2 protein chains.
Amino acid sequence: MDPSTRALERSGHRVTDARRTIASLVDARVGHFTAADLIADARARRQSIGRATIFRSLDLFTDLRVVERVDLPTGEHAYVPCEPMRQHHHHIVCSGCGRTTDVADCGITAVTEEASRRTGYRIDNHRLELFGLCPPCQARVPSDPRL
Amino acid sequence: MDPSTRALERSGHRVTDARRTIASLVDARVGHFTAADLIADARARRQSIGRATIFRSLDLFTDLRVVERVDLPTGEHAYVPCEPMRQHHHHIVCSGCGRTTDVADCGITAVTEEASRRTGYRIDNHRLELFGLCPPCQARVPSDPRL
DNA sequence: GTTTTTGCAAACCATTTGCAGGGTC
DNA sequence: GACCCTGCAAATGGTTTGCAAAAAC
């Protein structure tokens, strides 16, 4: 059974056709995607799922940590598939192909502690998103910043 | 002359009533605010400014680095007033009062380098946002996580 | 059988655009 | 006077909601 379905069951949510379909659309995706992308995917597959259901399921999957929401530099709201196991991590988003890679804590704790020391804030939460080019995209276009 | 106006002049943009008004609305704000907030503020002051002008001016002020856009954990798009001088910095947003404080590089460069080493990505850009409680808000509510 | 979920359509909200008139340099 | 900027209203795009029917447990 796939992780999304298992997450649904464990959390007491119902396993429905729509949710199964959406989970498989998410699995088929490479890199980040938007709700609109999934809506288009569903239509392309001729699997009719209401727009509202897509949004509702993405919310649910976000709660279950099957996906995570990221805000792209453009302000667009996107989602990335996400290992539910991993506790705390960040995403590197490739601006070439959109693929994302998770990275665990790389010393960010030291940064938040330093910031806290400097400002007196009690820091409860942070968001770190990294943007760049993944190795294949670097190889493909060594010098061209677009794609 | 206030910094926003100076920024307009230096950049060759016209200094208009609408822009002056919006600059003063921004100055009057404490903490982060949305475009909708400014629209409401303008209406409250009975200074009629078209919605479109607010959006256009906020875009312009963002380019001029008079304000900066942040994405709140809720996904809301907000703006924070911002020292145009400071080159690279991040924001700490208080979840109590919304106030924000700038912090310069606190070792984040080491983090991005480490992430790059681990993943092979060429990291071009990053976004770090910190959320927590500012000192006054900690004092006001030592134990209550809300406000 | 009860409760949750879906699909639809409409509502909603934030943001953008086209364009004619008005203001700034 | 030329060009930039504004306001308006309409278009747009993304997201949410109410509700009755359908599905899951």
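We name chains A, B, ... by the order of the sequence lines, and we start the count at 1 in each one. Basis for what follows: all heavy atoms, side chains included, without hydrogens, waters or symmetry-related copies. Worth saying up front: this structure is predicted, and the values here are computed from it rather than measured.
Heavy atoms of A52(A) sit under 4.0 angstrom from at least one base atom. Residue T34(A) is classed as having no contact, given no heavy-atom separation below 4.0 Å to the nucleic acid.
In this structure, the CZ atom of R56(B) is 10 Å from the P atom of dC5(D), given to the nearest Å. Look at CD on E76(A): it is 14 Å from P on dT15(C), rounded to the nearest Å. Rounded to an integer number of Å, the gap from L8(A) CG to dT5(C) P is 9 Å. Across the protein-nucleic acid pair, L64(A) atom CG and dT5(C) atom P stand 11 Å apart, rounded to whole Å.
Looking only at distances, a side-chain donor or acceptor of R19(A) sits under 3.5 Å from a matching main-chain atom of R14(A).
The end-to-end axis angle of the helix from dG1(C)-dC25(D) to dC25(C)-dG1(D), rounded to 10 degrees and based on five pairs per end, is 40°.
Between F33(A) and Y79(A), the two ring planes are parallel [angle under 30°; tilted spans 30° to 60°].
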Query - Verdict with reasoning, F61(A) to V67(A), per side chain to side chain contact (heavy atoms under 4.5 Å, CB included) - result: CA-CA 6 Å; F61(A) 287 172; V67(A) 300; 3.9 Å; yes
Query raised in the report: Going through the checks in order, is the salt bridge (Lys or Arg N to Asp or Glu O under 4.0 Å) test met by E113(A) and R117(A)?
Result: CA-CA 6 Å; E113(A) 277 166 9; R117(A) 189 158 36 239; 5.6 Å; no
Query raised in the report: Does the pair L128(B) and R127(A) meet the rule for a side chain to side chain contact (heavy atoms under 4.5 Å, CB included), with working shown?
Result: CA-CA 6 Å; L128(B) 174 66; R127(A) 168 192 298 188; over 6 Å; no
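One finds no side-chain N or O of H77(A) lying less than 4.0 angstrom from the OP1 or OP2 phosphate oxygen of dG14(D). Taking 4.0 angstrom as the limit, T53(A) places none of its side-chain polar atoms (N or O) nearer than this to OP1 or OP2 of dT6(C).
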Which atom pairs link the protein and nucleotides 22-25 of chain D when you take only N or O atoms and keep those under 3.5 Å?
unit_1: dA24(D); atom_1: N3; unit_2: R14(A); atom_2: NH1; d: 2.9
unit_1: dC25(D); atom_1: OP1; unit_2: V15(A); atom_2: N; d: 3.2

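By the 6.0 Å contact criterion, CZ on R69(A) is enclosed, its count of non-hydrogen atoms from other residues, nucleotides or ligands being greater than 12.
Interatomic distance, CZ of R51(A) versus CZ of R43(A), reported as 8.5 Å (0.5 Å rounding).
Side-chain N/O atoms of R51(A) and base N/O atoms of dG13(D) include no donor-acceptor pair closer than 3.5 Å.
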